[in-house]
Every structure is written in C-alpha cells, then in structure tokens.
Amino acid sequence: MRETFRLSMAYLHTWLGLVVGFVLMTIFFFGSLSVFDREIDRWSVPETRVQAAPFPSFDKSVLPYIASVKPDPESVEHTAGEVIGALPPPDKLKPGDVTAYTNHRDPILRMYVAYDVPNKPRDPNLDHVHVYGYASVDPVTGKRLPDEVQERLAIGTGFFFPLHFMLHLEWMELGYWIVGFAGMVMLAALVSGVVMHRKIFRELFTFRPGRARLRSTLDLHNMTGVMALPFLFVITVSGLLIFAYLYLPSPTSLMRPLATAQQDAEAASTGLPVDPSGRPGQLASVDAMMAAAKARWAAQGVPGEIGTVSLIHIGDADAYVSISRDNVDRVANPETLHFKGTTGALLYEDPPASGIESVYGFFYGLHFQFFRHWTLRWLLFAGGLAGCACIATGFLFFVAKRKAKHAAAGVPGARIAEAFAVASVTGMLVATGAMLLGNRLLPTDLPGHTGWQEAIFWLSWVAALLHAGLRSRFGPGATAAEGLSPAWREQAWLVSGLAAAAAIANWITTGDHIVKTVGDGYWPVAGLDLVLLATSAASGYAAIRLGARLRSARAVRVAERAAGQEPAHV
Amino acid sequence: MSDGVLTSFAFLAALAGMAAFALANPDHWRQLFGAKPQGQSVRAACRLGGAALLGISFLFCALADPVLMAILVWPMLIGLAGAGVAAFLTLHARGRAGPGGRTNAGR
Amino acid sequence: MALAEGEHAVMDSARVRAKPVLVASRFGAAIVGGYLFTYGFAALATLAGFGAGLPWSEAQTLAWMLGALVYLGALLWGFVPRSTVRAWAVLAGGGAAMGMAAWALSRWAM
C-alpha cells in the first residue's frame, strides 16, 4: 500500500505540477519582486525618489486635499460593474472616508478617498461598495504631487504586485481563482514531493553537476525544494489565507441570517458608528489625536510612529478617526485607537488579538511584510527565487526525461513543454527587463504611458514564447533529440542585454548611477540597479556556458557519427 | 552586540550545524575524510551536535529580534546555510575530480 | 495498484494510455470534489466553533485556516482510492452533507 501511495503521489506531482507550474513560476517570480515592490516604484517613478519622513500634519497635509481628489476612472468602471443600476456621475459622489499612510518604505504619503455609492451591490455577500480616488503628498513639503506624476505607473505596487496574486485577469475574478488553485497545487506538490523522495535525508546535501543532466537537474530540484521547504509551505498557505474570504464564502453564503446578525452585533459592540448620522459635524484637530495616540503607546511600553490614519464619515457629527501604529518592529497586529471626530476623545481601543486572530495575523503579516528588517526581507526574496528554481528544474527534469523518447515516437509533448518552460523562465525575465527599459525610455508625456509599458511587458512575453516555439522546430540545432533548445541560450543573451540596458537607461535618464546612489545610501534605487547588473552578469554567464556545452555536445556527435557509432545518451 | 553581529553569529552557528548534519552522512564523511566511513556513535554525535548548533543559532536570532520575527529569520538562515554546505561539498568534489571529470560525490 | 484499471501511475509511459474520461474524472474528483468538501467544511466548522463559544468572526477565521489544510488533504486523498466514483462520493458527497447540515442547523439555532 505504501508503494502504491507513493506512486499516486508521484502521478499527481508530475501532472498537476506540469499544468500549473507555469502559473506558479509567475506567482513566485513576481511575488519575489513584490518583496521590493515599493523600491521598484521609486525606480520607475523618479519623482518619488525622496527620503522617508515621519507622518506629516493630517490637518494641513491631508484634510485640505480631500476636496481636490476626484474618483479614479478605473475605480468608477470597476464599481459600476458591481452594482445594480447606474452610478451617479463622478462629480456628484460624496467622499465618505479617507485613509492616509506613510512608512519607511512609502516615503510619499498616499491618501485614498472612498466615495459613498447609493446603489445596492449585485453580490448579496456585500453590504455596500465604494468608488475610490487617490492622491500623493510629499511628507517633507506637505504639498500634493502633480496629477501627472500621480498617474504614472508604479511598476512595483501597481503591476508586479497585483500580477502575482491575480494575474491581471479581472473578469469574474478568474485570476484570483487560478492563483488560488495554483497555490493549493503548490502545497500538494510539496507534500507529494516529500513522499516521493525516498532518500530525502540521505540526499539532503547532494548536488552532482558532473553526472548526467537528468540526475543533476533532479538533484537541484530536490535541493531547492527541501532547503526552502518551510518557507515555500508557509508563504503559500499565508497567501491563500489572505484571500480565504473569497475562496470560502460558505460561512456567510450558507448561513446568511446567522452570519449577518453576528457580524452586525460584533460591529455594534465596538461602539463605533457603522453608518453616518446624517447631521453635519465640525472635525476637531486630528494632529492632537495623533499626538494622543503616540503618548498612549509610549505609556503602554510600545512607543512608535503613526502608520495609518483613517477619517470615517467625513463631515458628519458621528465621524471618527482610526489611528494605527507603524508596525516596523513586529510581524502582525498593529495597535489601533479610535477617536471621536468632533471632540478628539478616545472612543475605542482595539483589544489585544485573541489566539486565533494572532495566528491569522501572523500569517497575514509574514506575507505582507510591513516590518523593517532588511536581512529578513532579502532572505524571503532569496526563498522566493529558490521556489522559482525548484519549479523551473521540475520542468527541465520533465522535459529531459521525455525528450528523446518523444522525438523517437514523433510526439511533440516534450518540445511543447520545453517551449513553455523557456517562456516561463527566460521569457519572463525578458518581459520584465523590457518593461523596465521601456519605463526609462518612453517619454512621460506620451498619452497612455501606462498602457504602453504594460503592452511592452505582455508583447515581449508572447514574443519570447513564439521564439521558443519556433526554435524548438527550426534553425540549427533545434530538433536535436537530446540537449536543450537553442532558445535558452538566445534568450539568456537577451536577458543579459536588457537588464544591463535598463540600469544604464536609469543612469542616462535620471542621473542616478550606481556610484551615486550607493554613495548617497539611497538603497531603493541602488538595490534595483545592483540586482539588474547582477542579473545581467549571471544571465550572460549562463549563455556562455550553454554555448560551450552546445559546442562540445555537437563535437561529440560529429565525432561519433564519423566513427559510425550511435550517439551516446547524455 | 548589534543586531547585525548577532544575526551573523546565528548564521555561522546554522552553517556549522548543517555541516555537522552533512558529516553524519557516510558519503560526505568519506568525501572529506577519506576511505573509512565513520562509526554509528560518531554519526549520532554529529547529528546531536548539529541539532545543538541549530538551537544555538535560534538563541542568537532571538537575541537579535523579537521572538516572532526570530521564528521567521531562523528557518531562512538554516535553508541558506544548507545550500552553502551543499555548494561547498559540490565544489570540493569537483575540485578533486579535476576539470571535466566525472565525480562520485554522493553515489 | 492505488489507481483503477483504466489508469496508471504514469511517470512516463508510451505503452498504455489511460482513457481520457477516467483521467479527467480522477482529477475532477480531487480538485472539484475536494473543493466542495472544503466549502461544506468551512461552513460547518464555523458553526461548530461558534457553538463552542467563539465569536463568529473568530470561528470563521479558524475554519478558514483549517480549511486550507482540509483542501490539501482532500486534493491528495482524491488520488488514492482505487475507484474514482468512491473519491467523488466521499469528497463531493461529504461536502454537500456538511454544507446542508450547516445550513439547516444555523436556521434551527436561530
């Protein structure tokens, strides 16, 4: 029974891994980049390359700007699809709440205004929906950034980050579901991989690059999987738990009367007004509330900075202000205080998290990584890349195992898998490098600047896939029954060039070159440039080694054919 | 001691601990120390020492950071240390085999 | 053999191909059946936690956390029984049963 259980696990590991592996590569690669998403934002919008500063005055730097914020057109479009009936015109929407935050990684203070929407939502699980508008404020000058700068694509938080949790597939939230399924398959692959791996402890440190490629590929696959196993399992589970409300709505959808009654009771128990009273009210000084919050935390033995401030029910007599501590020294559950808007008195203090809330909060926090701990941040980044290496070597093993057999049988399976493998490894790097380069080279006053950058990304990726597909069939060395497709080497060169070009383009277009940014200690930009240059070097080295291996393999084949022998299996 | 120094010590302890676990494996022992594999008691001592060193590594992590953060840093350091030990064993084996030679690292 | 007659633990085989319908059914049982099982579980577990004295939101959070492991178990187990029909029955059937129980009990409790 043991042996057949292992075989079942091997079966599902191989086939689920193959089908979903490409999605998982995307999630893990762009998830790894998302660890540094805000730093990538600094790089892609040079006007935001400022030093972080403490939370500025809310009364002077946030409140006055609420009136000047307009509903974001994309948000209007998105919400229009979520409600019954037509939305009121954007300029008639009233601001309901405003939230503002800044921290050591978000030097530009972001504020988002939630506009009340009178329409009923289509989804019965939702109470009401909002339309959102955004503004960015320089915390040092206290002035709003020009709209033109605000509308620029922040490639980290605005593109790579959402790509990793919903693949930019909004329709019917399909992207969220595909990512969720891929995440569960990842967990299944980790467990089944351990079950399959008979000599997991014996071979814990084993990597034999001198042996046949099949063996050494499998060694590397096993090693990256096992060394990063705790990380891979926990980061995947935590990601899934963040969207648990979406994947498992059954407690509400199957038990709606009980669920809504309980949710309403829990909201009422805090004493915070869920709905505005409808009567106008004068707001007291929010800065005074912020000072009171900091004093209270200091008195409780957890002194800290302000992280987030929310004003709920703007202009209403029942308005209240929620202030959260900037959670730089913890994984989860920041302290939050709620003050009455008209008087500044403390209304409610969030109680300490219960056992269950602490566990969930821990998973949430280790995935979102709000803490200031650069060593841990880099370690998690390395873990994500190890996940990519594990998945990629899994593909390579699958392909290498079957390539010769499939070629002999005239079956295209292995070649197709290899083309997709190329697209999901080097192809993904090509798309990323091309997008960053495009970000630097495209003129910022180009209409649709954001759309052009995104188009460059997607089109480069498709082109890489097409190139890989064509090269698996055509060109010198293409249809070799053994060995790697020439697309690997060619795309490795392309990645090398694009990564270096992006770093150089940053220098030319902004004047921020490596020596300057390292010297100034402006690590968000220095870090990305260094990673780009390291990627360029590593990719170039890989291309050189692949070329050398190709030449020696060809020489061996020529010699053997000349001697009238069968070509040896690599 | 600064947090950076403490974390470095944590990493060194993890490295030593993973090296000890590697030495508990007869193949790796033979690779580094010659033909005769170690006896059972030496193997057990290696595993015990390895576990102790990993424990010391956690203590250093907990000194550098709040415990809940240490719980995140520690397994990552162990993974990195394990990769480092594996890299050392691989390069050592290749060095012995000479350029282009087939190695017998592992089996 | 853990898999039924028409299927093989295919590591790599050009010899006998499993009938596509049976393979699809096996994956369906594990993936879809497993999801239905977890969907029902999350509701019933929330109700159970609430009944045991937890606040509703905490009972729900606990059910979600357990649900991740439950789906993982269901997904893996779906490949184990000899008969695909059995996998479907246990997973989809179990999920439906748990879901209906939660639906009924919650209304009775109110």
Side-chain angles (χ1 to χ4, degrees), chain A residues 1 3-12 14-16 19 180-181 183-185 187-188 190-192 195-196 236-238 240-241 243-245 247-259 261-263 265-266 269 354-357 359-361 363 398 401-402 405-406 408-409 411, chain C residues 1-3 7-14 23 26-27 30-31 34-35 38-47 49-50 54-65 67-69 71-82 95 98-107 109-110:
Chain A
M1 199 55 209
E3 193 44 43
T4 55
F5 179 67
R6 185 178 278 128
L7 286 170
S8 311
M9 293 300 105
Y11 180 80
L12 83 86
T14 304
W15 298 106
L16 281 180
V19 166
F181 176 61
M184 290 305 320
V185 169
L187 295 179
L190 290 171
V191 172
S192 57
V195 168
M196 283 162 75
T236 306
V237 168
S238 57
L240 290 166
L241 287 177
F243 286 119
Y245 70 88
Y247 300 137
L248 294 174
S250 47
T252 303
S253 57
L254 288 181
M255 303 186 286
R256 193 176 311 281
L258 185 55
Q262 287 303 314
Q263 281 152 13
E266 276 179 24
S269 72
S354 68
I356 292 172
E357 286 166 352
V359 173
Y360 185 83
F363 279 114
F398 179 92
K401 198 163 198 243
R402 290 163 181 77
K405 254 185 257 212
H406 283 205
V411 167
Chain C
M1 212 46 168
L3 303 170
E7 299 167 333
H8 289 259
V10 177
M11 288 294 283
D12 169 36
S13 174
V23 173
R26 171 67 66 174
F27 278 89
I31 296 168
Y35 177 73
T38 311
Y39 191 84
F41 168 84
L44 191 58
T46 301
L47 190 62
F50 178 65
L54 287 173
W56 180 267
S57 53
E58 284 183 38
Q60 185 175 242
T61 302
L62 181 61
W64 283 337
M65 291 195 286
L69 297 175
Y71 186 68
L72 175 59
L75 187 60
L76 293 172
W77 182 84
F79 285 88
V80 170
R82 276 186 69 91
M98 287 190 283
M100 286 194 289
W103 182 91
L105 286 169
S106 70
R107 277 154 179 79
M110 289 197 87

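Convention: sequence-line order gives letters A, B, ...; per-chain numbering from 1. Just so it is clear, the structure is predicted and the values come from calculations on it, not from any experiment.
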So for A:Val191, is it side chain, backbone, both, or neither that comes closer than 4.5 Å to the heavy atoms of chain C?
side chain

side-chain contact (heavy atoms from CB on, under 4.5 Å) filter on C:Ala43, not counting sequence neighbours, yields A:Ser250, A:Leu254, A:Met255, C:Ala102

Report yes if the side chains of C:Phe41 and A:Leu248 come closer than 4.5 Å at any heavy-atom pair, otherwise no.
no

Between C:Thr61 and A:Val359, is the side chain to side chain contact (heavy atoms under 4.5 Å, CB included) condition met? List the steps.
CA-CA 10 Å; C:Thr61 302; A:Val359 173; over 6 Å; no

Under 4.5 Å between any side-chain heavy atoms of A:Trp15 and C:Phe27, yes or no?
yes

Return the option, out of A:Ala188, A:Gly355, A:Ala265, with the maximum number of heavy-atom pairs under 4.5 Å with chain C.
A:Ala188

Any side-chain heavy-atom pair from C:Arg107 and A:Leu258 closer than 4.5 angstrom?
no

Identify which part of A:Ala261 has an atom lying under 4.5 Å from any heavy atom of chain C, answering side chain, backbone, both or neither.
side chain

Any A:Tyr245 side-chain heavy atom under 4.5 Å of C:Trp64 side chain
yes

State which residues pass side chain to side chain donor-acceptor pair (under 3.5 Å) with A:Glu266; sequence neighbours excluded, sorted by chain then number.
C:Ser57

Taking all heavy atoms of A:Thr252 and all of C:Gln60, pick out the closest pair and write down the distance.
OG1-OE1, 3.7 Å

Contact summary for A:Pro249 and C:Tyr35, nearest pair of heavy atoms
CD-OH, 4.5 Å

Residue part contacting chain A, namely of C:Glu58, when any heavy atom lies under 4.5 Å:
both

State, to 0.1 Å, how close A:Gln262 and C:Trp56 come at their nearest heavy-atom pair, and which atoms those are.
CB-CB, 3.5 Å

About how many Å separate CG of C:Leu75 and CZ of A:Phe181, when rounded to the nearest 0.5 Å?
6.5 Å

Of the backbone (N, CA, C, O) and the side chain (C-beta and beyond), which part of C:Leu47 lies under 4.5 Å from a heavy atom of chain A, both, or neither?
both

Pick from A:Tyr360, A:Tyr247, A:Phe363: which one has the most heavy-atom pairs with chain C under 4.5 Å?
A:Tyr360

